[in-house]
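One-based numbering, in listed order, for ligands and for the atoms of each. We use all heavy atoms of the structure for the numbers below, so side chains are in, but hydrogens, waters and symmetry mates are not. If you read the sequence from its start, that first residue is 1, and numbering goes on from there. Note that the coordinates shown come from a computational prediction; the quantities given were computed from them, not determined experimentally.
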Amino acid sequence: MTKVFIKTFGCQMNVYDSERMAGVLGADDFEITGDEKSAEYVIINTCSVRQHAEDRALSYIGAAIKDKKVIVAGCMAERMQDELMAKFPRLHAVVGTFNFSNIVSAINRGKKKIFAGITEEKYPVKLRRNEKVRGYITIMQGCDNYCAYCIVPYVRGRERSRDVEGILAEIRQLASDGFKEVMFLGQNVNSFLDAKSGINFSGLLRKSAEISGIERLRFMTSHPKDLTDELIESIAAAPKVCKHIHLPLQSGSDRILKMMNRHYTADWYLSRVRKIREAMPGGAITTDILVGFPGETDVDFQQTLEVMKKAGFDASYIFKYSPRRGTKAALMDSQVDEKEKLKRLNNVLELQKKISEDITKAYVGREVKILVTGPNMVIKTMMEGITDNSKKVIIPGDTGMIGNFYRVKVTRAQTAVMEGEIIK
Ligand code: SF4
């Protein structure tokens, strides 16, 4: 059997796309290996969101291509196509974001080396999953929002939702394979709409919750402009839907939000936070913050810190703005100096650390219910579990506990992780 190794860069949606490709290859005559050295083909699934991610992928391609047949897939493949071929003439093939289901054709290629551009997307029901407890499912692709800094609409195309039946078939497969949690992925899951059935995101959550065996449903990412009161209430009312919302803020300055083309104000954002807190007491809110967007002054930046304090995020993913060729922001004047961006990044990190610590410390002595997902990566003798509101808790135990729920008393808390013991 021909051995294939897949290396994934980037977000959870890329992990899912790699699982999709592995599912397609596994159903054909290929063996997916975790050992790159023994592989004949190396597929590098890439990310274009930041320059740093592209640089890392380029150096990985450069090293792998010396003794492997390399296929570059994903966002960089869609964005750079001919440029990649020119840079790496020995490249076996390029597979863009619409073409993952054509991965076998790309391996067995004739003269055609570039598989990119819009084509019919197919999703296998049986993917080759990396995890055993939580299954990720991309429910929609692309984005119509065109935030000024973001490359996604250009590399993943316009927003399109999958059909509900295909998603439900994947969930049933996960349930029969013993998975307990499903996480829906999409650039903007709130605006999910299956045009054929007319089922929207609330409807999809309702139908998915009917599938027995799956105990928890999660989703990410939500766009603040589309997070209506009605949707918040339906999430709050559904017992299987986890009480954690990832809601990217990006900036707390209305002026910068406008320049970013985000279509909400800081007040609207905070009204969403209040509504979530009211409807889901004890629920978690996490966010993305982008510092150093072109023209961001110290006053704008202070406004971001203020919104962070008011919102009290459980966690933040914090990024330094990096210009992406082809986006509006890359052409804007007054790009912020790198040193200043770094300073702002550190300020946000520091503030978030303090907020997160206060939140997790308040859990000490409390009882929580966790789903054990696997061994902790740092303390290998401990098992790791996750609460409904996405808090990580580590407990003594063994791999026989994976996939089971436990009631745990929290005994210690750090910024992002808590320790606990099982309540007998
Ligand atoms: S909502 Fe904005 S940041 Fe998110 S994927 Fe779409 S364009 Fe990019």
Does the cation-pi check pass for Arg20 over Tyr123, that is, NZ or CZ under 6.0 Å from the six-membered ring centre and within 45° of its axis?
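The answer is yes, since Arg20 meets both limits relative to Tyr123.
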
Within 45 degrees of the axis of the six-membered ring of Phe9 and under 6.0 Å from its centre: does Arg56 put its NZ or CZ there?
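No.
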
Would you indicate which of Arg262, His263, Arg156, Glu159 comes nearest to atom 4 (Fe) of ligand 1 when only heavy atoms are counted?
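Result: the heavy atom closest to atom 4 (Fe) of ligand 1 is in Arg262.
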
I need the nearest protein heavy-atom contact for atom 3 (S) of ligand 1: residue, atom name and distance, please.
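Checked against all protein heavy atoms, atom 3 (S) of ligand 1 sits closest to Tyr149 OH, 3.4 Å.
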
Basic-acidic side-chain contact under 4.0 Å: Lys207, Glu210:
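Answer for the salt bridge query: no.
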
Going by an N to O cut-off under 4.0 Å, is there a salt bridge joining Lys196 and Glu165?
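The answer is no: the pair does not qualify as a salt bridge.
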
For Asn389 and Thr387, does a side-chain donor sit closer than 3.5 Å to a side-chain acceptor?
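Side chains of Asn389 and Thr387: pair found under 3.5 Å.
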
Looking at atom 6 (Fe) of ligand 1, is one of the N, O or S atoms of Cys143 less than 2.8 Å from it?
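Cys143 does place an N, O or S atom closer than 2.8 Å to atom 6 (Fe) of ligand 1.
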
Give the contacting part of Tyr146 toward ligand 1: side chain, backbone, both or neither, where contact means a heavy-atom distance below 4.0 Å.
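The answer is the backbone.
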
Under 4.0 Å, heavy atoms only, figure out whether ligand 1 is touched by the backbone of Pro153, its side chain, both or neither.
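Under 4.0 Å from ligand 1, Pro153 contributes side-chain atoms alone.
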
Is the Phe98 to Phe115 ring centre distance short of 6.0 Å?
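They do not qualify: ring centres at least 6.0 Å apart.
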
Just checking Phe192 against Phe219, ring centres under 6.0 Å apart?
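Ring-ring flag for Phe192/Phe219: false, centres at least 6.0 Å apart.
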
[X]: numbered ligand 1 atoms lying under 4.0 Å from its heavy atoms:
X      : answer
His223 : 1 (S)
Gln187 : 5 (S)
Cys150 : 3 (S), 5 (S), 7 (S), 8 (Fe)
Cys147 : 1 (S), 2 (Fe), 3 (S), 7 (S)

